[in-house]
Amino acid sequence: PPDVETLGRGTWTLLHSIAASYPESPSTSQQSDLLSFVKLFSKLYPCWVCAEDFKTYLGKEVPRVGSGDEFGKWLCGAHNDVNRKLGKPEFDCSRWQERWRTGWKD
Ligand code: FAD
(Lines give C-alpha, C1' and ligand atoms only; values in the text may rest on other atoms or scores of the structure.)
Protein backbone atom coordinates (compact mmCIF):
# COMPACT_ATOMS: atom_id res chain seq x y z
CA PRO A 1 0.00 0.00 0.00
CA PRO A 2 1.14 3.60 -0.57
CA ASP A 3 2.64 5.43 2.39
CA VAL A 4 0.48 7.89 4.32
CA GLU A 5 1.98 10.92 2.52
CA THR A 6 1.57 9.60 -1.03
CA LEU A 7 -1.94 8.42 -0.21
CA GLY A 8 -2.72 11.82 1.31
CA ARG A 9 -1.48 13.89 -1.65
CA GLY A 10 -3.43 11.76 -4.12
CA THR A 11 -6.54 11.84 -1.95
CA TRP A 12 -6.50 15.61 -1.45
CA THR A 13 -6.14 15.97 -5.23
CA LEU A 14 -9.23 13.81 -5.72
CA LEU A 15 -11.28 15.54 -3.00
CA HIS A 16 -10.46 19.12 -4.08
CA SER A 17 -11.10 18.11 -7.71
CA ILE A 18 -14.53 16.81 -6.73
CA ALA A 19 -15.23 20.20 -5.10
CA ALA A 20 -14.02 21.98 -8.25
CA SER A 21 -16.40 20.03 -10.49
CA TYR A 22 -19.40 20.11 -8.09
CA PRO A 23 -22.21 22.36 -9.42
CA GLU A 24 -22.88 25.86 -8.13
CA SER A 25 -26.58 24.92 -7.80
CA PRO A 26 -26.66 21.20 -6.96
CA SER A 27 -29.93 19.27 -6.92
CA THR A 28 -31.17 17.72 -3.67
CA SER A 29 -29.91 14.31 -4.79
CA GLN A 30 -26.48 15.69 -5.72
CA GLN A 31 -26.26 17.23 -2.25
CA SER A 32 -27.22 13.99 -0.51
CA ASP A 33 -24.78 12.02 -2.73
CA LEU A 34 -21.90 14.29 -1.74
CA LEU A 35 -22.78 14.09 1.93
CA SER A 36 -22.98 10.28 1.73
CA PHE A 37 -19.68 10.15 -0.13
CA VAL A 38 -17.89 12.21 2.53
CA LYS A 39 -19.30 10.08 5.34
CA LEU A 40 -18.48 6.78 3.61
CA PHE A 41 -15.03 8.10 2.72
CA SER A 42 -14.41 8.75 6.43
CA LYS A 43 -15.18 5.08 7.17
CA LEU A 44 -13.12 3.62 4.32
CA TYR A 45 -10.01 5.83 4.14
CA PRO A 46 -7.15 3.35 4.49
CA CYS A 47 -5.13 5.34 7.04
CA TRP A 48 -7.10 4.53 10.14
CA VAL A 49 -5.71 7.22 12.46
CA CYS A 50 -6.35 9.79 9.70
CA ALA A 51 -9.88 8.47 9.24
CA GLU A 52 -10.63 8.64 12.98
CA ASP A 53 -9.57 12.30 13.18
CA PHE A 54 -11.48 13.11 10.00
CA LYS A 55 -14.63 11.55 11.49
CA THR A 56 -14.18 13.70 14.60
CA TYR A 57 -13.85 16.78 12.38
CA LEU A 58 -17.05 15.80 10.51
CA GLY A 59 -18.85 15.69 13.83
CA LYS A 60 -17.74 19.23 14.69
CA GLU A 61 -17.96 20.84 11.24
CA VAL A 62 -20.90 19.51 9.25
CA PRO A 63 -19.97 19.35 5.52
CA ARG A 64 -21.50 22.23 3.57
CA VAL A 65 -22.75 20.86 0.28
CA GLY A 66 -25.01 23.70 -0.90
CA SER A 67 -22.68 24.81 -3.73
CA GLY A 68 -19.25 24.10 -5.20
CA ASP A 69 -17.71 27.12 -3.51
CA GLU A 70 -19.29 26.26 -0.17
CA PHE A 71 -18.01 22.69 -0.31
CA GLY A 72 -14.58 23.81 -1.56
CA LYS A 73 -14.22 26.15 1.42
CA TRP A 74 -15.45 23.50 3.86
CA LEU A 75 -12.94 21.02 2.44
CA CYS A 76 -10.16 23.61 2.63
CA GLY A 77 -10.98 24.03 6.32
CA ALA A 78 -10.82 20.26 6.84
CA HIS A 79 -7.46 20.11 5.03
CA ASN A 80 -6.18 23.02 7.17
CA ASP A 81 -7.18 21.11 10.29
CA VAL A 82 -4.82 18.30 9.18
CA ASN A 83 -2.15 20.86 8.19
CA ARG A 84 -2.25 22.30 11.73
CA LYS A 85 -1.98 18.87 13.27
CA LEU A 86 1.07 18.06 11.12
CA GLY A 87 2.73 21.47 11.62
CA LYS A 88 2.28 22.43 7.95
CA PRO A 89 1.37 26.00 6.90
CA GLU A 90 -2.31 26.86 6.66
CA PHE A 91 -3.73 27.48 3.21
CA ASP A 92 -5.67 30.69 2.46
CA CYS A 93 -9.15 29.30 1.74
CA SER A 94 -10.21 32.37 -0.25
CA ARG A 95 -7.78 31.01 -2.89
CA TRP A 96 -8.91 27.38 -3.10
CA GLN A 97 -10.46 27.88 -6.57
CA GLU A 98 -7.21 29.30 -7.93
CA ARG A 99 -5.33 26.21 -6.75
CA TRP A 100 -7.89 23.59 -7.74
CA ARG A 101 -10.27 25.03 -10.35
CA THR A 102 -9.22 28.08 -12.33
CA GLY A 103 -5.41 28.03 -11.98
CA TRP A 104 -3.10 30.62 -10.44
CA LYS A 105 -3.10 33.96 -12.19
CA ASP A 106 0.71 34.47 -12.19
P1 FAD B 1 -0.88 17.89 1.10
O2 FAD B 1 -1.34 18.26 2.46
O3 FAD B 1 -1.12 16.49 0.63
O4 FAD B 1 -1.56 18.92 0.08
C5 FAD B 1 -1.44 18.79 -1.34
C6 FAD B 1 -1.54 20.17 -1.95
O7 FAD B 1 -2.79 20.74 -1.61
C8 FAD B 1 -0.54 21.17 -1.40
O9 FAD B 1 0.66 21.11 -2.10
C10 FAD B 1 -1.24 22.51 -1.58
O11 FAD B 1 -1.04 23.03 -2.89
C12 FAD B 1 -2.70 22.16 -1.46
N13 FAD B 1 -3.27 22.50 -0.16
C14 FAD B 1 -2.68 22.49 1.08
N15 FAD B 1 -3.54 22.81 2.03
C16 FAD B 1 -4.73 23.05 1.39
C17 FAD B 1 -6.02 23.44 1.85
N18 FAD B 1 -6.28 23.65 3.16
N19 FAD B 1 -6.99 23.60 0.93
C20 FAD B 1 -6.74 23.42 -0.37
N21 FAD B 1 -5.56 23.04 -0.87
C22 FAD B 1 -4.56 22.85 0.01
N23 FAD B 1 -1.24 12.51 7.43
C24 FAD B 1 -0.76 12.22 8.67
O25 FAD B 1 0.44 12.05 8.85
N26 FAD B 1 -1.64 12.14 9.75
C27 FAD B 1 -2.97 12.33 9.60
O28 FAD B 1 -3.73 12.21 10.58
C29 FAD B 1 -3.49 12.61 8.29
N30 FAD B 1 -4.82 12.77 8.09
C31 FAD B 1 -5.28 12.93 6.82
C32 FAD B 1 -6.65 12.99 6.61
C33 FAD B 1 -7.17 13.08 5.33
C34 FAD B 1 -8.66 13.13 5.12
C35 FAD B 1 -6.29 13.12 4.21
C36 FAD B 1 -6.83 13.18 2.80
C37 FAD B 1 -4.92 13.08 4.42
C38 FAD B 1 -4.39 12.98 5.71
N39 FAD B 1 -3.01 12.93 5.95
C40 FAD B 1 -2.55 12.70 7.22
C41 FAD B 1 -2.04 13.19 4.84
C42 FAD B 1 -1.59 14.66 4.87
O43 FAD B 1 -2.71 15.54 4.90
C44 FAD B 1 -0.78 15.03 3.59
O45 FAD B 1 -1.50 14.64 2.43
C46 FAD B 1 0.62 14.42 3.53
O47 FAD B 1 1.33 14.72 4.70
C48 FAD B 1 1.40 15.00 2.30
O49 FAD B 1 1.47 16.40 2.48
P50 FAD B 1 1.96 17.44 1.41
O51 FAD B 1 2.82 18.42 2.14
O52 FAD B 1 2.51 16.76 0.22
O53 FAD B 1 0.66 18.25 0.94
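Numbering of ligands and ligand atoms starts at 1, following listing order.
- The shortest side-chain heavy-atom distance between Y57 and V82 does not fall under the 4.5 Å cut-off.
- Counting protein heavy atoms only, atom 51 (O) of ligand 1 is closest to K88 NZ, 2.9 Å.
- Considering only non-hydrogen protein atoms, atom 31 (C) of ligand 1 sits nearest to C50 CB, 3.5 Å.
- Identified under the disulfide (SG to SG under 2.5 Å) test for residues 62-91, with sequence neighbours left out: C76-C93.
- Those atoms of ligand 1 with a heavy atom of H16 less than 4.0 angstrom away are 19 (N), 20 (C), 21 (N).
- Residue contacts with ligand 1: L15 is placed with no nitrogen or oxygen under 3.5 Å of a nitrogen or oxygen of the ligand (distance criterion only).
- Side-chain contact between V38 and F54 is present, with at least one heavy-atom pair separated by less than 4.5 Å.
- Taking a cut-off of under 4.0 Å to the non-hydrogen atoms of L86, the atoms of ligand 1 that pass are 23 (N), 24 (C), 25 (O), 26 (N), 42 (C), 47 (O).
- In this structure, atom 41 (C) of ligand 1 lies nearest to the protein heavy atom G8 CA, 3.8 Å.
- Of the protein's non-hydrogen atoms, the one nearest atom 19 (N) of ligand 1 is C76 SG, 3.2 Å.
- For atom 21 (N) of ligand 1, the closest non-hydrogen atom on the protein side is W100 NE1, 2.9 Å.
- Looking at ligand 1, you won't find any N or O of W96 less than 3.5 Å from one of its N or O atoms.
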Step by step, would you call W96 with H16 a ring-ring contact (aromatic ring centres under 6.0 Å, His included)? CA-CA 8 Å; W96 84 269; H16 291 294; 7.2 Å; no
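- Taking only non-hydrogen atoms, the option from R9, E5, E98 nearest to atom 52 (O) of ligand 1 is R9.
- The residues D81 and R84 are annotated as salt-bridged, a charged nitrogen and a carboxylate oxygen being separated by less than 4.0 angstrom.
- Looking only at side-chain heavy atoms (C-beta outward), P63 and L58 come within less than 4.5 Å of each other.
- Below 30°, between 30° and 60°, or above 60°: for F71 and W74 the angle between ring planes is below 30°, a parallel geometry.
- Listed by chain and number, the residues in a salt bridge (charged side-chain N to carboxylate O under 4.0 Å, His left out) with D33 amount to none (sequence neighbours excluded).
- Shortest contact from atom 33 (C) of ligand 1 to any protein heavy atom: W12 CZ2, 3.6 Å.
- With a 4.5 Å cut-off on side-chain heavy atoms, V4 and C50 count as touching.
- Of the N and O atoms on the side chains of S94 and D92, at least one donor lies less than 3.5 Å from an acceptor on the other residue.
- At a heavy-atom distance under 4.0 Å, only side-chain atoms of R99, from C-beta outward, approach ligand 1.
- Counting heavy atoms from C-beta on, the side chains of K85 and D53 come closer than 4.5 Å.
- Protein heavy atom closest to atom 15 (N) of ligand 1, with residue, atom name and distance, is N83 ND2, 3.0 Å.
- In this structure the side chain of T13 reaches within 4.5 angstrom of the side chain of S17, judged on heavy atoms.
- Where the criterion is an N or O separation shorter than 3.5 Å, residue side chain and backbone included, K85 meets it with respect to ligand 1.
- Using a non-hydrogen distance threshold of 4.0 Å, N80 registers as a contact of ligand 1.
- Taking 4.0 Å as the cut-off, Y45 counts as a neighbour of ligand 1 on heavy-atom distance.
- In this structure, atom 8 (C) of ligand 1 has no protein heavy-atom contact shorter than 4.0 Å.
- Inclusion of T11 in the set of residues having an N or O under 3.5 Å from an N or O of ligand 1 is not warranted.
- Protein heavy atom nearest atom 2 (O) of ligand 1, with residue, atom name and distance: H79 NE2, 2.8 Å.
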